[in-house]
Amino acid sequence: MKPSRLNQHSFLFLLREASASSTPHRRLPPLHALLVKLGLQPYTRVYNGLIWVYSATGLVADARRVFDGMSHRDTVSFNSMIHGHAMSGDVGSALQLFERVPAPSPVTWTSMVAGLCRAWDVASARRLFEEMPVRDLISWNAMISGLVGNRQPVEALCLFRRMMAEGFVPNRGTVLTALSACAGAGALETGKWIHAFVEKKRLFRWWDEFLGTALLDMYAKCGAVELALDVFTKLRSRNTCTWNAMINGLAMNGYSTKALDMFRQMELDGTVEPDEVTFVGVLLACSHGGFVDVGREHFYMIEKKYDIGLILEHYACMVDLLARSGHLQEAHKIITGMPMKPDAVIWRALLGGCRLHKDVKMAETAISEIEATCSGDHVLLSNLYAAVGRWSGVEDVRSTMRSKGIEKIPGCSSIEINGSIHEFISGDKSHPSYNEIHVKLAEIGSKMQLQGYVTETAEVFYDVEEEEKEQALGHHSEKLAIAFGLIGGPPNVAIRIVKNLRFCADCHKFAKLVSQIYHREIVVRDRARFHHFREGTCSCNDFW
DNA sequence: CTAGGGTTAG
């Protein structure tokens with residue numbers, strides 16, 4: 001090779017090729033050595049490229065050596081190095097460099113914002129984002145997706161709205177992130193608005209697999225199954241993810257049989273292969289539908305017929321299905337026979353079944369296996385003790401919770417009205433419509449009494465203090481949200497609520513009665529699944 | 001022919 005023919009441009013080409021190869025770790029150092037030998041050091045661009053490819057292939061220490069050895073560093077050198085540090089999880093080093101950049105550009109700021117979001121420091125990311133002198137579309141996308149990734153979809157949507165108000169035109173990335181935020185927040189109105197906006201502005205040629213899957217997933221996660229199906233049927237092409245999203249969406253929404261039909265259709269269609277995620281959806285459908293035999297069959301087919309390895313989630317669904325339908329011993333056998341270590345989710349599924357079928361002994365086994373316990377597990381055990389009348393057990397759980405300092409996660413429900421999301425926390429008085437809500441709840445209460453409604457006390461029994469607090473302050477968050485939906489939402493439109501915890505029996509009964517008395521459809525997404533209430537009945541058939 | 005975001009399903 002004639003060195004004279006190798007200039008900075010061709011060298012950058014070689015770097016890119018080496019980094020895309022299967023063995024970048026072996027191919028980059030010789031190129032680096034050649035670069036030094038050829039005397040291309042003065043070319044900052046080439047060295048920037050080297051920093052970039054070293055970082056991108058995980059060789060951050062090498063990247064840093066190059067960076068430190070450079071005689072002339074420009075903004076791109078800093079940006080590449082900041083990005084490298086941030087991607088390797090070393091935000092500290094990234095921040096140190098960020099302080100030293102002579103002329104930071106929007107790229108510099110955005111790299112730092114994204115890096116902080118990746119390191120779960122969304123608060124610092126947000127501060128930096130607000131401080132940025134110039135924000136472009138990618139800066140907005142980075143911050144919005146950072147919020148979604150840090151489980152703050154409501155905040156993400158607020159930012160999305162601000163971005164639109166400032167006149168930015170969303171691109172593919174923005175739309176994907178914003179739809180995912182709507183899915184997370186259960187913001188159907190906003191999701192529909194984005195859908196319509198994309199169509200009206202003809203933002204994309206068509207809804208491809210990625211966009212289409214994100215769209216249908218949004219509808220499914222907002223409880224709008226018909227709309228999700230509509231998107232699904234109209235898509236030009238579907239990949240495995242698309243089918244999985246549809247199957248899972250049906251399962252989550254309680255359309256168990258339809259979900260299984262959809263899986264059969266997927267097989268008949270034959271253009272895509274099911275994968276392990278497909279079977280998570282299939283088993284979820286069986287679990288929510290209480291189809292024990294069908295579930296067992298599919299569980300064994302995963303490996304035998306489809307040659308797909310069983311993953312933790314498959315076991316979790318299977319344990320959930322068996323435990324919930326009362327096959328506690330079989331569920332326990334599945335757990336002890338698992339090739340991997342059962343996690344808290346698995347034991348929790350067994351615990352839930354024990355609570356339902358009042359098996360104290362098995363419940364105690366389950367709870368002793370859950371290490372980093374959260375309040376919900378203790379509450380479940382306590383409820384079980386209360387249900388079988390073992391009050392000493394209830395007291396034991398309370399003292400365990402006190403001594404371990406386990407705090408209860410406050411219940412939080414949200415409802416979207418006119419595109420803005422209102423959040424209610426159990427017993428919270430801070431909402432501006434607090435007084436109206438309580439007037440409404442009193443009205444509901446008296447109407448319910450006429451129908452012979454009695455509070456379900458079993459599930460609130462475990463904690464007398466909490467019970468008193470609830471009497472004094474109000475209600476579980478979903479009741480506040482439902483009352484607010486009756487007041488503020490347009491009539492004849494379903495009241496849609498997203499809750500962070502699972503339904504308690506009392507609130508479930510409450511929702512059923514409200515749907516009957518006011519002839520309003522109520523859709524609640526709780527931690528585990530959807531509940532569609534219509535004229536006094538729930539799609540879960542009181543099986544959850 | 002340099003650098004930042006996003007890539008959907010569990």
Side-chain angles (χ1 to χ4, degrees), chain A residues 7-16 43-53 55-56 73-84 86-87 94 101 104-115 117-118 125 129 132 135-149 156 163 168 170-181 183 207-218 220-221 228 231-232 235 238-252 266 272 274-284 311-314 316-317 345:
Chain A
N7 61 21
Q8 53 172 326
H9 304 305
S10 50
F11 206 90
L12 281 168
F13 177 79
L14 285 177
L15 281 180
R16 233 192 322 278
Y43 294 108
T44 307
R45 298 173 119 225
V46 179
Y47 273 80
N48 289 346
L50 194 58
I51 292 171
W52 181 252
V53 292
S55 297
R73 300 181 198 99
D74 61 8
T75 303
V76 178
S77 324
F78 278 90
N79 294 350
S80 302
M81 200 59 243
I82 288 170
H83 182 250
M87 288 304 118
V101 193
S105 70
V107 178
T108 323
W109 289 83
T110 305
S111 295
M112 204 55 245
V113 165
C117 287
R118 262 177 171 256
F129 178 79
M132 279 177 76
R135 285 182 281 266
D136 61 15
L137 183 64
I138 295 180
S139 320
W140 285 96
N141 288 356
M143 192 65 240
I144 294 170
S145 85
L147 285 163
V148 175
M163 184 197 109
F168 286 93
N171 65 5
R172 198 185 144 83
T174 322
V175 171
L176 284 168
T177 317
L179 286 174
S180 153
W207 294 87
D208 61 31
E209 295 102 322
F210 275 76
L211 288 162
T213 304
L215 186 66
L216 93 78
D217 183 54
M218 179 278 293
K221 292 217 170 93
V231 172
F232 181 82
L235 288 181
R238 310 173 186 96
N239 58 20
T240 301
C241 284
T242 319
W243 284 93
N244 291 352
M246 196 64 249
I247 291 168
N248 190 59
L250 288 166
M252 266 189 327
M266 180 183 185
V272 293
D275 64 5
E276 67 277 12
V277 180
T278 315
F279 287 98
V280 175
V282 168
L283 292 178
L284 197 68
I311 56 173
L312 196 66
E313 286 85 347
H314 296 144
C317 288
V345 176

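Just so it is clear: chains get the letters A, B, ... in the order the sequence lines come, proteins before strands, and each one is counted from 1.
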Would you kindly give the [atom1]-to-[atom2] distance between [X] and [N], to the nearest whole Å?
X      : N      : atom1 : atom2 : value
A/E276 : B/dA9  : CD    : P     : 14 Å
A/Y47  : B/dA3  : OH    : C1'   : 19 Å
A/M266 : B/dA9  : CE    : P     : 15 Å
A/M252 : B/dG10 : CE    : P     : 7 Å
A/I138 : B/dG6  : CD1   : C1'   : 9 Å
A/L215 : B/dT7  : CG    : P     : 16 Å
A/L216 : B/dT7  : CG    : P     : 16 Å
A/F13  : B/dT2  : CZ    : P     : 13 Å

Of the listed nucleotides [options], the one nearest the side chain of [X]:
X      : options              : value
A/A142 : B/dG6, B/dT2, B/dG5  : B/dG5
A/L176 : B/dT7, B/dA9, B/dT2  : B/dT7
A/N239 : B/dC1, B/dG5, B/dT8  : B/dT8
A/T75  : B/dG10, B/dA3, B/dT7 : B/dA3
A/R172 : B/dC1, B/dG6, B/dA9  : B/dG6
A/I311 : B/dT8, B/dG10, B/dG5 : B/dG10
A/D275 : B/dA3, B/dG5, B/dA9  : B/dA9
A/T110 : B/dA9, B/dT8, B/dG5  : B/dG5
A/N79  : B/dA9, B/dG6, B/dA3  : B/dA3
A/T174 : B/dA9, B/dG10, B/dG5 : B/dG5

Is there a side-chain polar atom (N or O) of [X] under 4.0 Å from OP1 or OP2 of [N]?
X      : N      : result
A/N248 : B/dG10 : yes
A/K221 : B/dG10 : yes
A/T213 : B/dA9  : no
A/H83  : B/dG5  : yes

Tell me whether A/H314 contacts the main-chain N or O of A/E276 through its side chain, where contact means a donor paired with an acceptor under 3.5 Å.
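Yes.
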Any side-chain heavy atom of A/W207 within less than 4.5 Å of one from A/L215?
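With C-beta onward as the side chain, the pair touches.
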Can you find a pair of side-chain heavy atoms, one from A/I82 and one from A/V101, that are under 4.5 Å apart?
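Touching, per the 4.5 Å side-chain cut-off.
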Are A/S105 and A/T108 close enough that a side-chain donor and a side-chain acceptor fall under 3.5 Å?
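Yes - a donor-acceptor pair under 3.5 Å links their side chains.
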Remember a base hit wins even if backbone is also touched, and classify [X] as base, sugar-phosphate or nothing at under 4.0 Å, heavy atoms.
X      : result
A/R118 : nothing
A/N48  : base
A/S139 : base
A/V107 : base
A/S105 : base

N/O donor-acceptor pair, side chain A/N171 with base B/dG6, under 3.5 angstrom
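Result: no qualifying N/O pair found.
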Between A/W109 and A/F129, is the gap from one ring center to the other below 6.0 Å?
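They do not qualify: ring centres at least 6.0 Å apart.
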Spatial distance of atom CG (A/N141) from atom CG (A/N171) [nearest 0.5 Å]:
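Spacing of CG (A/N141) from CG (A/N171) equals 5.0 Å.
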With a sphere of 6.0 Å drawn around CZ of A/R172, does it hold more than 12 non-hydrogen atoms of other residues, nucleotides or ligands?
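Check passes, neighbour count above 12.
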